[in-house]
Amino acid sequence: MEAVQYACRLGREYGVTVFTENVFPAEKLLQFFADVGDPALHLLFDSQNYHQMAGLDCVPVWEAAHTRVGDFLHVKDGNEKLSECPLGQGSSRFLRTLDAIVKTGFRGHFILENHYDDLAAARAEIAALRAMLDAAAN
């Protein structure tokens with residue numbers, strides 16, 4: 001805990017934003033932020049990590065802690081491995097998570113973390129994410 005508090009103090013001093021990317025369940029995550037006690041600490045939310053690494057539903061985590069998310073988040077999808085499927089085609093229930101993200105009014109950046117074999121695949125994923133965002137907003 002002291003290390004995170006120290007990082008937050010240094011971040012303020014040097015103009016660096018400090019993020020935590022973890023797989024804590026919603027209640028533990030909120031307690032972690034309370035224990036750190038520094039509003040300068042932000043959550044780097046990842047749409048697959050909670051499900052893949054901890055067997056958690058991402059939506060309750062998002063709903064509990066979205067106000068601590070900075071101006072970007074990670075999106076990816078997969079089944080047995082991280083980042084192995086196009087968004088919405090893995091087991092992480094990405095579309096449900098995206099719907100929750102949109103409903104809370106998130107206006108930051110989406111960092112695509114899936115693995116792409118070529119630029120065309122990355123461009124297709126960008127187009128697909130835009131369409132998913134439009135669908136979730138309507």
Distance-only donor-acceptor hits, side chain of residues 53-61, under 3.5 Å, sequence neighbours excluded:
from: Asp57; atom 1: OD1; to: Val59; atom 2: N; distance (Å): 3.1
from: Asp57; atom 1: OD1; to: Arg96; atom 2: NH1; distance (Å): 2.6
from: Asp57; atom 1: OD2; to: Arg96; atom 2: NH1; distance (Å): 2.8
from: Asp57; atom 1: OD2; to: Arg96; atom 2: NH2; distance (Å): 3.3

### Query
By side-chain contact (heavy atoms from CB on, under 4.5 Å), which residues pair with Ala131, not counting sequence neighbours?
none
### With sequence neighbours excluded, residues passing side-chain contact (heavy atoms from CB on, under 4.5 Å) with Ala64
Ala26, Leu30
### Message
Restricting to side chain to side chain donor-acceptor pair (under 3.5 Å), what partner residues turn up for Lys103, sequence neighbours left out?
### Response
Asp99
### Summary
For Asp35, the side chain to side chain donor-acceptor pair (under 3.5 Å) test, sequence neighbours excluded, returns Gln31
### Task
Not counting sequence neighbours, which residues clear side chain to side chain donor-acceptor pair (under 3.5 Å) with Ser47? List them please.
none
### Message
Please determine whether side chain to side chain contact (heavy atoms under 4.5 Å, CB included) holds for the pair Tyr50 and Thr97, giving the CA-CA distance in whole Å, both sets of side-chain angles, and the decisive distance to 0.1 Å.
### Response
CA-CA 11 Å; Tyr50 298 96; Thr97 301; over 6 Å; no
## Note on the structure
Asp38 meets the side-chain contact (heavy atoms from CB on, under 4.5 Å) criterion, sequence neighbours left out, with Cys8, Arg12, Val36, Ala40
### Query
Under 3.5 Å, side chain of Asn49 to main-chain N/O of Val23, donor-acceptor pair present?
no
### Message
Determine whether Val75 and Ile111 satisfy the following criterion, side chain to side chain contact (heavy atoms under 4.5 Å, CB included), listing intermediate values before the conclusion.
### Response
CA-CA 6 Å; Val75 291; Ile111 308 298; over 6 Å; no
### Summary
residues 52-99 vs ring pair (Phe, Tyr, Trp, His ring centres under 6.0 Å), sequence neighbours excluded, gives Phe19-Phe72, Phe45-Trp62, Trp62-His66, Trp62-Phe106
### With sequence neighbours excluded, residues passing side-chain contact (heavy atoms from CB on, under 4.5 Å) with Ala121
Tyr116, Asp118
### Task
Taking all non-hydrogen atoms of both residues into account, name the closest pair between Asn114 and Glu125 and its distance.
ND2-OE2, 2.6 Å
### Query
Do Thr20 and Val4 pass the side chain to side chain contact (heavy atoms under 4.5 Å, CB included) test, and can you show the C-alpha distance, the side-chain angles, and the key distance before you say yes or no?
CA-CA 9 Å; Thr20 176; Val4 176; over 6 Å; no
### Message
Ignoring hydrogens, what is the shortest heavy-atom contact between Met132 and Leu87? Give both atom names and the distance.
### Response
CE-O, 3.1 Å
### Summary
Minimal heavy-atom distance between Ser83 and Glu113, with the atoms involved, is OG-O, 3.0 Å
### Task
Keeping to residues at least two apart or across chains, list the salt bridge (Lys or Arg N to Asp or Glu O under 4.0 Å) pairs with something in residues 126-138.
none
#### Entry: Which residues share a salt bridge (Lys or Arg N to Asp or Glu O under 4.0 Å) with Asp46, sequence neighbours left out
Lys76
### side chain to side chain donor-acceptor pair (under 3.5 Å) partners of Tyr6, counting only residues at least two apart
none
